[in-house]
Amino acid sequence: MDYQQIQDKARELIQEGNYEALIDLYIDALEYDFPNSVQGEFLSALGELFGHFGDKQKAIDHYSAALEIFRGEESKEGKGDYFAVMAAVANNLGILHEEMNDDGNAADRFKEAMENYEKLAERKPDAYRPYVGTTYYNLGNLFGKKPDYYQSRKYFQKSYEVFKELAEANPDHYDGYVANALISLGNSYIEEHDYANAEVYFKRAVTLYRVLTEKSFETFAPYLAATLNNLAVACKNTKQQDKAVGFYQETLELYNQLVEVNQGAFLPYRAGTLNSMGILFLEMHDNDEAINFYERAIEDYEKLSDHQPDTFN
């Protein structure tokens with residue numbers, strides 16, 4: 001088969017959902033005398049397919065082989081024609097290495113992806129600046145797991161700056177990304193018990209999510225509720241109990257509405273919020289209110305334990 005026949009057959013198998021045969025097709029195609037760039041294309045496709053089937057090591061092996069080919073081709077030509085595919089493959093490798101807890105290789109591949117996306121963004125900022133912001137965010141998450149909070153916040157801050165700039169031109173699309181970066185910065189401070197700084201970032205995220213929730217309740221209300229909950233935690237730990245009560249109340253109101261939409265998804269969060277409010281009132285020596293919220297939490301947990309006793313009893 002020639003290249004076009006292989007592509008036609010691949011499209012046919014994709015339409016049929018016959019991905020096992022698609023793997024065999026690409027493996028066979030590697031035996032043909034195609035140019036290096038085409039070999040890299042087939043190897044990358046195999047990496048994606050093995051990832052789809054959960055064989056992460058085979059996915060890594062094939063993506064790595066593809067990336068080595070694309071690096072070689074870019075080194076020979078030096079025109080930047082392979083920056084996009086190198087960035088995408090390196091990013092996919094970073095995700096796989098992170099999932100396998102190989103954080104060193106994950107960081108290297110995310111950094112490689114970032115370098116290529118930055119080069120592409122110099123040429124086509126509208127197309128590639130979002131990828132730069134996302135890759136910074138991935139690095140922030142990765143270093144947060146180590147934990148290396150200094151490096152983590154450095155990359156989250158860079159991600160925030162990229163998406164903030166993009167949001168100035170297109171707030172409807174990018175404000176959510178800005179808010180997500182702010183939440184991650186706040187959570188990073190929470191991990192280090194720096195609740196004052198965490199409060200600053202959570203408040204900024206809440207401001208954005210309030211606007212977004214007015215536009216699309218079902219999409220953004222869960223994010224607003226989670227951020228208000230985090231803000232309540234920060235205020236509780238800085239001895240601002242009255243503020244914490246207010247933020248928990250608003251969280252609870254949102255979860256009440258969300259439970260009406262999807263009880264299975266949001267009832268555990270409402271129960272958790274009720275329990276947190278009970279703890280807060282107990283710390284404030286208001287035992288009657290604490291009991292009220294604990295009893296309401298128990299009602300929710302009893303409903304949940306009817307369906308998932310091992311989890312909620």
Side-chain angles (χ1 to χ4, degrees), residues 144 147 149 152-153 156-157 160 164 171 175-263 265-304 312:
Y149 296 119
S152 178
R153 282 196 289 270
F156 282 140
Q157 182 66 33
Y160 164 77
K164 184 73 168 64
D175 271 353
Y177 292 92
V178 176
N180 199 36
L182 290 168
I183 290 170
S184 296
L185 283 162
N187 286 336
S188 176
Y189 281 111
I190 286 279
E191 291 292 332
E192 290 197 293
H193 309 292
D194 183 347
Y195 299 104
N197 268 316
E199 181 184 351
V200 171
Y201 287 101
F202 290 144
K203 281 182 175 177
R204 290 164 66 186
V206 162
T207 299
L208 289 170
Y209 277 133
R210 288 193 199 282
V211 175
L212 290 165
T213 298
E214 288 180 3
K215 296 177 181 178
S216 178
F217 181 85
E218 289 189 20
T219 301
F220 291 106
Y223 295 99
L224 176 58
T227 311
L228 285 163
N229 180 81
N230 291 353
L231 187 51
V233 171
C235 289
K236 173 177 172 286
N237 282 280
T238 53
K239 308 301 180 186
Q240 301 177 84
Q241 283 91 346
D242 288 345
K243 283 186 179 181
V245 169
F247 291 130
Y248 274 137
Q249 286 283 12
E250 191 173 354
T251 303
L252 184 59
E253 289 167 11
L254 285 165
Y255 282 135
N256 284 338
Q257 296 177 69
L258 288 164
V259 164
E260 294 299 316
V261 176
N262 188 338
Q263 178 170 304
F266 295 107
L267 194 60
Y269 293 104
R270 187 174 75 179
T273 303
L274 289 164
N275 186 64
S276 295
M277 293 183 78
I279 293 169
L280 178 58
F281 279 108
L282 192 64
E283 292 176 356
M284 295 167 65
H285 308 291
D286 188 339
N287 291 354
D288 290 340
E289 277 293 270
I291 289 170
N292 170 47
F293 284 107
Y294 283 142
E295 288 179 339
R296 291 166 65 187
I298 287 169
E299 288 178 10
D300 279 353
Y301 281 129
E302 285 178 337
K303 292 176 186 175
L304 290 161
F312 292 105

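A quick note: this is a predicted structure, and the numbers were derived from the prediction, not measured. Side chains are part of it too, since the values below use all heavy atoms of this structure and drop only hydrogens, waters and symmetry mates.
For Thr207, there are no side chain to side chain donor-acceptor pair (under 3.5 Å) partners at least two apart in sequence or on another chain. Remark: Asn287 pairs with Leu282 by the side-chain contact (heavy atoms from CB on, under 4.5 Å) rule, at least two apart or across chains. Legend: residues meeting salt bridge (Lys or Arg N to Asp or Glu O under 4.0 Å) with Glu302, ordered by chain and number and at least two apart, are absent. By the salt bridge (Lys or Arg N to Asp or Glu O under 4.0 Å) test, Asp300 pairs with Arg270, sequence neighbours left out.
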- [ ] May I have the step-by-step check of side chain to side chain contact (heavy atoms under 4.5 Å, CB included) for Asp286 and Gln241, ending in yes or no?
- [x] CA-CA 12 Å; Asp286 188 339; Gln241 283 91 346; over 6 Å; no

Open item on the list: Pair Met277, Glu289 - check side chain to side chain contact (heavy atoms under 4.5 Å, CB included), show working.
Closed with: CA-CA 9 Å; Met277 293 183 78; Glu289 277 293 270; over 6 Å; no

Open item on the list: Please evaluate residues Tyr248 and Val233 with respect to the criterion side chain to side chain contact (heavy atoms under 4.5 Å, CB included), reporting the C-alpha separation (whole Å), side-chain torsions for both, the decisive distance (0.1 Å), and the verdict.
Closed with: CA-CA 9 Å; Tyr248 274 137; Val233 171; 3.6 Å; yes

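Scanning all heavy atoms of the two residues, the minimum distance from Pro222 to Phe266 falls at CG-CZ, 3.7 Å. Of all non-hydrogen atoms in Phe293 and Gly278, the two that sit nearest each other are CB-N, 3.7 Å. Ala234 approaches Phe202 most closely through the heavy-atom pair CB-CD1, 4.4 Å. Taking every heavy atom of both residues into account, Val245 and Leu280 meet most closely at CG2-CD2, 3.5 Å. Of all heavy-atom pairs spanning Phe312 and Pro268, the tightest one is CZ-CG, 4.1 Å. Looking at every heavy atom in both residues, Ala179 comes nearest to Leu208 through N-CD1, 3.8 Å.
Applying the salt bridge (Lys or Arg N to Asp or Glu O under 4.0 Å) test to pairs two or more places apart or on separate chains, those with a residue in residues 214-227 are Asp172-Lys215.
The line from CG of Asn230 to CZ of Phe247 is 12.0 Å long, rounded to the nearest 0.5 Å. To the nearest 0.5 angstrom, Tyr160 atom OH is 8.5 Å from Tyr201 atom OH. Note: Tyr301 OH to Tyr294 OH = 11.0 Å, rounded to the nearest 0.5 Å. Atoms CZ and CG, from Arg204 and Leu185 in turn, are 8.0 Å apart once rounded to the nearest 0.5 Å. The distance from the CG atom of Leu212 to the CG atom of Asp175 is 5.5 Å, given to the nearest 0.5 Å. Atoms CG and CD, on Leu254 and Gln249 in that order, are 11.5 Å from each other to the nearest 0.5 Å.
Side-chain atoms of Leu231 and Glu250, non-hydrogen and from C-beta on, never get closer than 4.5 Å to each other. Side-chain contact check for Asp242 versus Met284: some heavy-atom pair is nearer than 4.5 Å. Side-chain contact between Arg210 and Leu228: present, with at least one pair of heavy atoms (C-beta onward) separated by less than 4.5 Å.
A donor-acceptor pair is defined here as one N or O able to donate and one able to accept, closer than 3.5 Å; no such pair exists between the side chain of Asn229 and the backbone of Ala225. The closest donor-acceptor contact from the side chain of Ser188 to the backbone of Ser184 lies at 3.5 Å or more, if one exists at all. Using a distance-only test at 3.5 Å, with no hydrogens or angles considered, no donor-acceptor pair links the side chain of Ser216 to the main chain of Thr213.
By the 30° and 60° cut-offs, the orientation of the rings of Tyr209 relative to Phe220 is tilted.
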Name the atoms and distances for all side-chain donor-acceptor pairs under 3.5 Å in residues 189-200, with sequence neighbours left out.
residue	atom	partner	partner atom	Å
Glu192	OE1	Arg153	NH1	3.0
Glu192	OE1	Arg153	NH2	2.7
His193	ND1	Tyr195	OH	3.1
Asp194	OD1	Asn197	N	3.2
Asp194	OD2	Asn197	ND2	2.9
Glu199	OE1	Gln240	NE2	2.9
Glu199	OE2	Lys203	NZ	2.9

